[in-house]
Visitor: 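The following block contains the structure, expressed as structure tokens.
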Amino acid sequence: MNKKYHIAIVGGGPSAIFAAYELMQYNHNLRIILLEAGHDIYQRSCPIAEKKVNHCIGCKPCDIMRGFGGAGAFSDGKYNFTTEFGGWLQEYISDNDVLELINYVDKINLERGAPTEYFTTEKSNLGKKVLAQDIHLLQAKVRHLGTENNLRILEKLYEELKSQITLCCNSRVKQIQPHEGIFTLFVEGLGELDSIEADYVIAAPGRAGSEWFAGQCKELGLSLFNNQVDVGVRVEIPAEIFEHITEDVYEAKLVYRTKQYGDLVRTFCMNPKGYVVAENTDGIITVNGHSYRDEKKHSKNTNFALLVSNRFTEPFQEPHQYGKRIASFSNLLGGGVLVQRFGDLIKGRRTNEHRLSQSFTRPTLQAVPGDLSLVLPKRHLDNIIEMIYALDKIAPGMANDDTLLYGVEVKFYSSRLKLTKELETEIPNMFAIGDGAGVTRGLSQASASGVHVARVIHQRIVK
Ligand SMILES: Cc1cc2nc3c(=O)[nH]c(=O)nc-3n(C[C@H](O)[C@H](O)[C@H](O)COP(=O)(O)OP(=O)(O)OC[C@H]3O[C@@H](n4cnc5c(N)ncnc54)[C@H](O)[C@@H]3O)c2cc1C
């Protein structure tokens with residue numbers, strides 16, 4: 001293995017993969033190394049998904065969050081074509097350019113077997129219907145790859161990258177040290193080498209690496225801005241309740257401003273006939289969801305998150321920690337994810353094993369029955385309850401006693417770095433992309449950010 005590379009990419013999620021993919025297209029004979037802390041795509045497996053255990057046992061690294069393919073590897077790959085959500089890339093480059101990049105990524109997925117059909121809100125009158133209840137539908141087009149296709153496409157990309165660049169999994173970057181235009185990266189897991197050098201660095205550490213990366217940025221004197229943290233629950237209901245919505249647009253991004261506090265609550269990551277899963281971010285267990293395209297693998301339930309955004313002002317600097325502390329309450333009480341029936345929450349009582357066993361809605365994740373009112377701040381809980389009643393008007397049955405609420409779901413958005421429109425940090429030739437840089441929060445924009453930076457580096461090299 002070489003010690004000196006032209007480009008070092010930190011991370012192996014979609015932003016990193018598409019940066020590497022794009023760089024490979026230019027035939028510069030560049031030496032590129034991609035360093036991923038987690039396992040390669042074939043070695044990733046979650047014991048819960050494989051039904052070896054029924055609760056999160058805190059594997060290190062967590063194969064859901066880390067490894068080639070990144071946090072999205074076991075997701076059902078909902079690629080959204082929009083600048084309305086999924087990140088803030090449009091604050092750096094124009095909306096049209098973001099959409100061009102998203103379409104480009106889509107083409108790459110299609111060439112590797114992504115399903116050709118997509119869902120769109122364009123022709124739906126859902127937006128008009130929900131507006132009558134003061135709920136707002138964000139406009140979008142979405143291609144749903146399905147968990148199995150998403151993984152297959154990642155395997156293909158893994159093989160393609162492996163044949164052209166140095167791809168190192170189980171290799172965690174501990175430190176990035178710039179000196180006179182050269183970057184030294186100290187890496188754990190590279191065998192006899194403990195460091196490599198590179199002319200360019202693309203940092204793509206994702207949410208799982210965001211705490212480490214924020215520390216790095218502070219050490220390097222790079223400016224960081226607070227980003228929001230979204231806290232809420234994952235809702236699970238019988239699929240019929242939302243069928244008229246999910247069969248129309250697949251995923252509805254619905255936003256509602258609560259009357260009580262004037263806060264925004266939104267639906268997020270809708271998984272028709274899907275499964276609720278636990279995820280582990282640096283030892284904190286939170287909840288998420290996914291669904292298969294293959295009908296044989298469908299469950300009877302639909303799940304989605306209901307999230308309340310928190311944006312903090314001075315003097316508080318650590319929204320990440322805020323989200324973590326709330327999640328740690330549910331971990332403390334239940335050893336992981338808690339589940340509560342909506343009816344029990346409203347009656348102010350804990351869901352216990354007995355009440356859960358009586359529920360008509362059967363949970364797809366074996367979580368500990370408990371009381372979310374002991375975990376979530378009152379304001380969040382009130383917001384979520386109000387949103388559930390609002391949704392009940394457009395999807396009757398939503399506020400049934402047996403609606404299951406899993407807690408907590410936290411979307412940690414990394415602190416945002418000060419970046420140029422080329423996504424370059426204040427250190428020349430050091431770029432930051434994807435969720436870990438705080439500029440994206442979804443597959444499409446994360447992948448798009450990787451392609452964007454690869455093109456910027458290409459332009460510099462050809463100059
Ligand atoms: C269960 C689940 C379902 C999801 N479903 C969807 C969906 O359907 N649609 C959607 O748009 N989004 C979805 N998302 C979000 C999406 O996966 C992320 O937005 C996307 O993966 C971000 O890409 P990224 O490359 O920025 O970071 P990530 O995918 O998080 O990848 C970062 C990688 O960097 C590695 N890393 C971190 N630090 C280091 C280090 N120091 N050294 C080496 N490697 C390091 C990590 O191990 C990780 O593999 C989902 C997420 C989860 C967890």
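Every number for a ligand or one of its atoms is a count from 1 in the order of the listing.
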Visitor: Applying a strict 4.0 Å limit to heavy atoms, is A204 in contact with ligand 1?
Guide: yes
Visitor: Is G86 close enough to touch ligand 1? Criterion: a residue heavy atom under 4.0 Å from a ligand atom.
Guide: no
Visitor: Is the positively charged end of K141 above the ring of F81, judged by distance under 6.0 angstrom from the centroid and angle within 45° of the axis?
Guide: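 Flagged: K141 positioned over aromatic ring of F81.
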Visitor: Provide, to 0.1 Å, the distance between atom 13 (C) of ligand 1 and the closest protein heavy atom, together with that atom's residue and name.
Guide: L443 CG, 4.1 Å
Visitor: Is the shortest distance from a heavy atom of H290 to ligand 1 less than 4.0 Å?
Guide: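 It does not, in that no heavy atom of H290 comes within the 4.0 Å cut-off of ligand 1.
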Visitor: Any atoms of ligand 1 less than 4.0 Å from a non-hydrogen atom of G209? List them with their elements.
Guide: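 In order of numbering, the contacting atoms are 37 (C), 38 (N).
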Visitor: Ignoring hydrogens and geometry beyond distance, is a side-chain donor-acceptor pair present between T364 and N301 at under 3.5 Å?
Guide: no
Visitor: List the closest protein heavy-atom neighbour of atom 41 (N) of ligand 1: residue, atom name, distance to the nearest 0.1 Å.
Guide: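 The closest one turns out to be V173 O, 2.9 Å.
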Visitor: Indicate yes or no for a side-chain donor-acceptor contact from N288 to the backbone of E279 under 3.5 Å, with no hydrogens or angles considered.
Guide: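 A pair under 3.5 Å: no.
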Visitor: Can you tell me which portion of S171 lies within the under-4.0 Å heavy-atom range of ligand 1? Options are side chain, backbone, both, or neither.
Guide: backbone
Visitor: Could you list which atoms of ligand 1 come closer than 4.0 Å to a heavy atom of G72?
Guide: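 Atoms satisfying the 4.0 Å criterion: 17 (O), 21 (O).
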Visitor: Among protein heavy atoms, which lies nearest atom 51 (C) of ligand 1, and at what distance?
Guide: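 The closest heavy atom on the protein side is A71 O, 3.7 Å.
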Visitor: For S195 and K3, which I'm curious about, is there any donor-acceptor pair between the side chains at under 3.5 Å?
Guide: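 Distance-only check passes for S195 and K3.
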Visitor: Sequence neighbours left out, what passes side chain to side chain contact (heavy atoms under 4.5 Å, CB included) with N149? Give chain and number order.
Guide: P115, L145, R152, R293
Visitor: Do H290 and T147 pair up side chain to side chain, a donor and an acceptor below 3.5 Å, judged on atom types alone?
Guide: yes
Visitor: Where's the contact between W212 and ligand 1, heavy-atom distance under 4.0 Å: side chain, backbone, both or neither?
Guide: side chain
Visitor: Find all atoms of ligand 1 within a distance of less than 4.0 Å from any non-hydrogen atom belonging to R207, and give their numbers and elements.
Guide: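 Under 4.0 Å from R207, ligand 1 has these atoms: 30 (O).
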Visitor: Heavy-atom distance to atom 9 (N) of ligand 1: which of Q175, K78, E36 wins?
Guide: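 The residue whose heavy atom sits nearest atom 9 (N) of ligand 1 is K78.
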Visitor: Under 4.5 Å between any side-chain heavy atoms of L423 and V456, yes or no?
Guide: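 Result no, sub-4.5 Å side-chain heavy-atom pair not found.
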Visitor: Is it true that Y118 and Y79 have ring centroids separated by less than 6.0 Å?
Guide: no
Visitor: What atoms of ligand 1 come within less than 4.0 Å of a heavy atom belonging to G11?
Guide: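 Heavy-atom distances to G11 below 4.0 Å select 34 (O), 35 (C), 44 (N).
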Visitor: What atoms in ligand 1 come closer than 4.0 Å to a heavy atom of G12?
Guide: 33 (C), 34 (O)
Visitor: Distance only, no hydrogens: is a donor on one side chain within 3.5 Å (strictly under) of an acceptor on the other, for T121 and Q139?
Guide: yes
Visitor: May I ask you to identify the nearest protein heavy atom to atom 30 (O) of ligand 1, giving residue, atom name and distance to one decimal place in Å?
Guide: G206 CA, 3.3 Å
Visitor: Classify the side-chain pair Y26/H458 by whether it contains a donor and acceptor separated by less than 3.5 Å.
Guide: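 Side-chain D/A pair, Y26 to H458: absent.
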Visitor: For atom 39 (C) of ligand 1, tell me which residue out of K174, R44, H39, R66 has the closest non-hydrogen atom.
Guide: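 Heavy atom nearest to atom 39 (C) of ligand 1 belongs to R66.
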Visitor: Determine whether the side chains of D63 and S45 contain a donor N or O and an acceptor N or O closer than 3.5 Å.
Guide: no
Visitor: Under 3.5 Å, is there a donor-acceptor pair between the D435 and T440 side chains?
Guide: yes
Visitor: Can a side-chain donor-acceptor contact be found between D248 and S124 if the only test is distance below 3.5 angstrom?
Guide: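 Result is yes, a qualifying pair exists.
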Visitor: Heavy atoms only: which of P14, G13, C62 lies closest to atom 23 (O) of ligand 1?
Guide: P14
Visitor: State, to 0.1 Å, how close T116 and R143 come at their nearest heavy-atom pair, and which atoms those are.
Guide: O-NH1, 2.7 Å
Visitor: Distance only, no hydrogens: is a donor on one side chain within 3.5 Å (strictly under) of an acceptor on the other, for E236 and Y406?
Guide: yes
Visitor: Could you see which bit of V10 sits under 4.0 Å from ligand 1, with heavy atoms only: side chain, backbone, both or neither?
Guide: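 The side chain, only.
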Visitor: Out of all atoms in ligand 1, which are within 4.0 Å of some heavy atom of M65? Include the element for each.
Guide: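 Taking each heavy atom of M65 in turn, ligand 1 has 48 (C), 49 (O), 53 (C) under 4.0 Å.
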Visitor: Counting non-hydrogen protein atoms only, what is the nearest one to atom 50 (C) of ligand 1? Give residue, atom name and distance.
Guide: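 Protein heavy atom with the smallest distance to atom 50 (C) of ligand 1: S75 CB, 4.2 Å.
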Visitor: Which residue and non-hydrogen atom of the protein lie closest to atom 44 (N) of ligand 1, and at what distance in Å?
Guide: A37 N, 3.0 Å
Visitor: Looking only at distance, does I64 have an N or O less than 3.5 Å from an N or O of ligand 1?
Guide: no
Visitor: I need the atoms of ligand 1 closer than 4.0 Å to a non-hydrogen atom of G434, numbered in the order shown.
Guide: 26 (O)
Visitor: In ligand 1, which numbered atoms sit nearer than 4.0 Å to a non-hydrogen atom of R441?
Guide: 19 (O)
Visitor: Backbone or side chain, does any N or O of S15 fall under 3.5 Å from an N or O of ligand 1?
Guide: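 Yes, since at least one N or O of S15 sits under 3.5 Å from an N or O of ligand 1.
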Visitor: Do you see a donor-acceptor pair shorter than 3.5 Å between the side chains of T246 and E251?
Guide: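 Distance-only check fails for T246 and E251.
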Visitor: In the protein, what heavy atom is nearest to atom 2 (C) of ligand 1, and what distance, to one decimal place, separates them?
Guide: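 Ranked first by proximity to atom 2 (C) of ligand 1 is N288 ND2, 3.5 Å.
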Visitor: Evaluate G436 for polar contact with ligand 1, using N/O atom pairs at a separation under 3.5 Å.
Guide: no
Visitor: As a check for students: among D435, L34, D76, identify the option with a heavy atom nearest to atom 18 (C) of ligand 1.
Guide: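 Looking at heavy atoms only, D435 sits closest to atom 18 (C) of ligand 1.
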Visitor: Any protein heavy atom sitting closer than 4.0 Å to atom 21 (O) of ligand 1?
Guide: yes
Visitor: In this structure, is the centre-to-centre distance between the rings of Y42 and Y158 below 6.0 Å?
Guide: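 Yes, the ring of Y158 comes within the 6.0 Å limit of the ring of Y42, centre to centre.
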Visitor: Among all the protein's non-hydrogen atoms, which is closest to atom 53 (C) of ligand 1, and how far away is it?
Guide: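 Among all protein heavy atoms, the one nearest atom 53 (C) of ligand 1 is E279 OE1, 2.9 Å.
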Visitor: Going by the rule side chain to side chain contact (heavy atoms under 4.5 Å, CB included), which residues pair with Y104 if we only count those two or more places apart in sequence or in a different chain?
Guide: Y21, E22, Q25, E100, I108, V451, R455
Visitor: Any N/O of V277 closer than 3.5 Å to an N/O of ligand 1?
Guide: no
